[in-house]
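For the single chain, residues carry numbers from 1 onward in sequence order.
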Amino acid sequence: MRKPVILVVEDEPVLRRLVRATLERAGCEVAEAMDGRTAMQALDSLRPRLVFMDLRLPDTTGTALAHRMRKHPHGAEIPIIAVSGVTNTLDDAQLDRSLFAEFLLKPVSRERLTSIARAYLPSNGEPVARTGPSRRILVVDDDELHRQLLVAQLERAGFEVRSAPNGRTALAQAKLWKPHAVVADLFMAEMDGVHLLQAVRDDAGFSSTPVVLVGGQSEAGLDEESLRQLGASAVLKRSPDTNRLVKSLDRALDQGPPTRPTVVDDAEVRGRIIKRLEHQAGISQELRRVSSLQAAQLSVLAGVSEALTRSDDLRAVLGEALARCLDVKTFSVGAAWLRNREGRLELTAQQGIPGAFAGQVDDLFGNRWLLERTLSTDEVLIVPSRAAPREKVQGLLKGLAAGSALLVPLARGVDRLGVVLLASLDGDLRGRGYAFARTIQGQLSQAVLLARSVGELRSSEQRFRGVAEAIVEALLISEPDGGLVYANPSATALFGYDQGAVRSLALEDLLLDGTLREGRWRAQGAARDGARFPVEVSTSGFGAGGGRMAHVVRDITHEMKREQNLVRLAQEDELTGLLNRRGFFEQAEQVLLKARQSGRHASLLYLDLDHFKTVNDTLGHEVGDALLAQMGRTLRSRLRAEDAVGRLGGDEFAVIVTEPDAGSTRRLAAALLVLLRNVAQDPRWASARVTPSMGVASFPDDGEDARGLLRAADLAMYRAKRSGGDRVEWVVRL
């Protein structure tokens with residue numbers, strides 16, 4: 001029987017042969033490809049079972065090649081291991097984790113290559129540790145590659161395995177298949193591992209089934225002890241090596257599930273919620289990094305735009321751009337060389353060069369070869385690096401008083417424009433500094449082209465219009481009295497006016513609620529159709545005496561909505577639209593503060609549904625979710641905007657209201673109970689015979705804050721449930 005093939009895609013022949021020799025020594029069959037075209041041919045003819053792929057290839061990028069492989073009939077399910085010598089390249093690749101199974105930074109040890117190959121490939125005739133009689137394992141993971149890999153590895157270990165893409169599907173499958181154990185990913189989009197674990201422990205049909213939770217490196221910080229108290233048999237980090245997972249399953253199957261405590265205190269619940277929020281914050285970390293880079297890019301572009309409106313001097317424009325780059329704080333020194341008419345690179349602008357070394361900058365402190373090398377490629381060159389060894393560039397770094405530097409080629413198509421140097425005290429610019437340089441590379445190239453155009457055409461109206469219309473942002477030109485004389489196409493599209501109509505308007509007709517001044521400021525944009533939207537404006541004077549004003553206008557609607565959406569997600573329950581636990585306590589304290597100041601009566605109503613579990617078990621979770629959503633709408637419709645109402649978890653809801661007296665609160669509680677009874681009688685779930693139970697606590701007699709009131713109301717609610725449910729109970733004071 002033929003061994004499964006590993007495909008190594010790498011353009012450096014020495015490194016390619018080294019990887020091949022290492023894998024063949026481990027008993028693997030290896031094929032090589034030096035570029036994307038050869039790799040796709042090998043995918044067709046050899047049908048490899050595992051791919052090691054360099055992310056930088058002569059004819060394509062690793063990410064683009066992985067996309068092509070995923071669309072190929074033989075490549076949809078192949079594990080692809082991304083390999084690169086540049087940290088930033090790996091970071092970019094991880095933005096689409098569905099393409100790659102692992103990410104490796106060069107150099108990779110022989111032991112690491114071998115362990116990955118053995119983890120992802122079927123056994124090559126090696127003996128597999130037996131697990132005794134065949135036992136059924138249900139694997140739950142919403143990442144298809146991870147799920148398929150776990151299934152293959154556990155089947156090799158002798159288990160009978162089935163899989164599910166989320167917790168809800170797993171619960172339905174478990175009832176039919178009766179697995180001996182469950183292996184679940186901790187974080188999934190639809191019912192994560194924690195909620196799946198709780199559902200298993202609450203289901204009498206398979207509450208004794210062992211559950212092993214698996215998480216990535218960032219998720220390993222979860223409170224393992226809390227998860228074990230909730231009933232987890234083991235909590236493991238995700239790893240290509242399944243030996244530990246197999247041992248944990250064997251141990252769990254032999255011992256049975258751990259004992260779950262009957263009560264989990266509030267501190268433990270809060271701890272789990274905080275950990276989940278920290279995980280969600282981690283998901284948005286990449287978004288924040290990209291936003292930061294975009295903000296820095298816009299700062300550089302705004303500086304270029306402002307410089308172009310003031311001068312046609314290319315040195316001044318590049319000087320302004322370099323100054324903006326240094327404002328990013330990552331860099332301390334900047335310089336720019338542009339090709340002159342004879343094709344020679346000529347020092348055009350510099351910022352922050354130590355005075356004693358200023359005369360040596362033109363030939364880059366004896367390293368002018370680096371400028372020519374950089375200009376011959378489209379890639380940012382890191383100094384020092386393999387292409388620029390430290391022993392060769394010591395004089396350069398000393399002259400710049402820097403720990404490292406970046407050389408950024410400027411080009412537009414085949415037109416090689418020049419090179420920009422950005423240096424830093426930091427000894428390693430491969431992270432944020434490199435990403436920033438790549439981000440503004442195109443903008444600086446465009447700035448050079450625009451500045452050249454401005455210099456050549458400054459004397460004519462055609463020059464002005466050509467440059468202005470090339471600017472992506474909206475550009476408005478106004479007279480000293482505020483009257484508009486020009487709007488570029490981006491501005492007419494943004495505000496909905498044509499050029500003729502613009503000349504009859506004043507700046508204040510388009511930009512409302514803002515203070516006109518030079519520099520950057522915010523206002524409200526006013527479109528012709530009446531729409532209003534937030535904008536950011538960069539204003540500068542130009543012309544004789546600085547009489548006219550240029551205003552670069554940027555619509556920031558999406559940016560502000562993103563900020564508002566992040567705030568909303570942190571405080572809103574996704575299913576019902578009510579406040580979540582965190583948002584409820586924050587708003588509840590505000591309601592109690594106003595009640596304390598005004599002397600009004602305040603109460604906390606805590607309620608849940610009797611027999612709600614029956615809805616999920618007999619009618620399904622979709623029906624249960626619909627019932628909870630209807631409860632939320634009903635509560636919100638009966639209460640005032642100033643009342644706090646939230647879903648604290650499961651079928652538990654809480655309300656804090658202010659009323660003139662206790663009698664008003666009693667009438668409100670009775671009315672809510674009637675409304676919720678009506679909701680429970682809906683034909684969609686009436687067969688489950690769900691009823692509401694409610695406990696009420698008064699402020700300040702039963703508690704000084706929202707948490708104290710909740711504990712008191714919780715006791716009253718359980719008294720209502722013990723009395724048969726479908727009723728309201730008040731706190732009993734001794």
Side-chain angles (χ1 to χ4, degrees), residues 1-86 89-90 93-94 96-128 144-153 155-156 239-242 386:
M1 181 177 177
R2 181 184 174 185
K3 297 179 182 178
V5 175
I6 300 176
L7 176 61
V8 177
V9 187
E10 169 64 63
D11 62 326
E12 294 187 16
V14 175
L15 183 57
R16 194 169 63 242
R17 286 195 294 270
L18 178 62
V19 173
R20 176 171 192 152
T22 299
L23 295 175
E24 286 181 339
R25 205 172 291 124
C28 304
E29 183 171 338
V30 182
E32 299 179 20
M34 66 184 69
D35 52 32
R37 181 182 61 82
T38 312
M40 291 304 296
Q41 291 173 349
L43 183 66
D44 249 335
S45 59
L46 300 176
R47 300 191 182 183
R49 298 291 297 276
L50 177 64
V51 176
F52 285 91
M53 180 187 296
D54 185 28
L55 292 178
R56 294 194 175 191
L57 299 168
D59 59 345
T60 186
T61 66
T63 303
L65 178 57
H67 273 292
R68 290 170 60 194
M69 285 189 168
R70 290 286 176 240
K71 294 177 181 178
H72 193 280
H74 305 321
E77 299 179 0
I78 299 176
I80 302 176
I81 313 300
V83 185
S84 177
V86 181
T89 302
L90 284 177
Q94 291 187 60
D96 191 347
R97 299 190 66 89
S98 64
L99 294 177
F100 302 104
E102 295 276 346
F103 301 88
L104 301 180
L105 183 64
K106 296 178 182 177
V108 184
S109 70
R110 295 181 176 182
E111 293 77 12
R112 181 73 171 136
L113 285 171
T114 303
S115 69
I116 289 178
R118 287 176 175 169
Y120 281 91
L121 288 180
S123 174
N124 297 322
E126 300 169 354
V128 175
E144 185 175 356
L145 281 176
H146 285 155
R147 189 170 69 249
Q148 292 174 351
L149 178 61
L150 271 177
V151 169
Q153 291 169 330
E155 285 178 344
R156 285 176 53 200
S239 169
D241 184 1
T242 55
R386 185 168 59 182

Show the numbers, then the answer: is there a side-chain contact (heavy atoms from CB on, under 4.5 Å) between D44 and H74?
CA-CA 7 Å; D44 249 335; H74 305 321; 4.1 Å; yes
Sequence neighbours left out, cut at 3.5 Å: what donor-acceptor pairs do the side chains of residues 6-15 make with other protein atoms?
unit_1	atom_1	unit_2	atom_2	d
E10	OE1	K106	NZ	3.0
E10	OE2	E12	N	3.1
E12	OE2	R386	NH2	2.9

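- Taking R68 as the reference, M40, L65 meet the side-chain contact (heavy atoms from CB on, under 4.5 Å) condition, with sequence neighbours excluded.
- T38 pairs by the side-chain hydrogen bond (donor to acceptor under 3.5 Å, both in side chains) definition with D35, not counting sequence neighbours.
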Between L99 and I80, is the side-chain contact (heavy atoms from CB on, under 4.5 Å) condition met? List the steps.
CA-CA 7 Å; L99 294 177; I80 302 176; over 6 Å; no
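- To the nearest 0.5 angstrom, M34 atom CE is 10.5 Å from D59 atom CG.
- Aromatic ring pairs are classed by plane angle as parallel below 30°, tilted from 30° to 60° and perpendicular above 60°; the pair F100 and F103 is perpendicular.
- For the pair T114/T22, a side-chain contact is recorded, criterion being any heavy-atom separation below 4.5 Å from C-beta on.
- Screening residues 14-26 for salt bridge (charged side-chain N to carboxylate O under 4.0 Å, His left out), with sequence neighbours left out, gives R16-E32, R20-E24, R20-E32.
- When all heavy atoms of L55 and S84 are compared, the pair lying nearest together is CD1-CB, 4.0 Å.
- A donor-acceptor pair under 3.5 Å is formed between the side chain of R70 and the backbone N or O of G75.
- If you take CG on D54 and CG on L104, they are separated by 11.5 Å, rounding to the nearest 0.5 Å.
- Between L43 and P48 the shortest heavy-atom distance is CA-CD, 3.9 Å.
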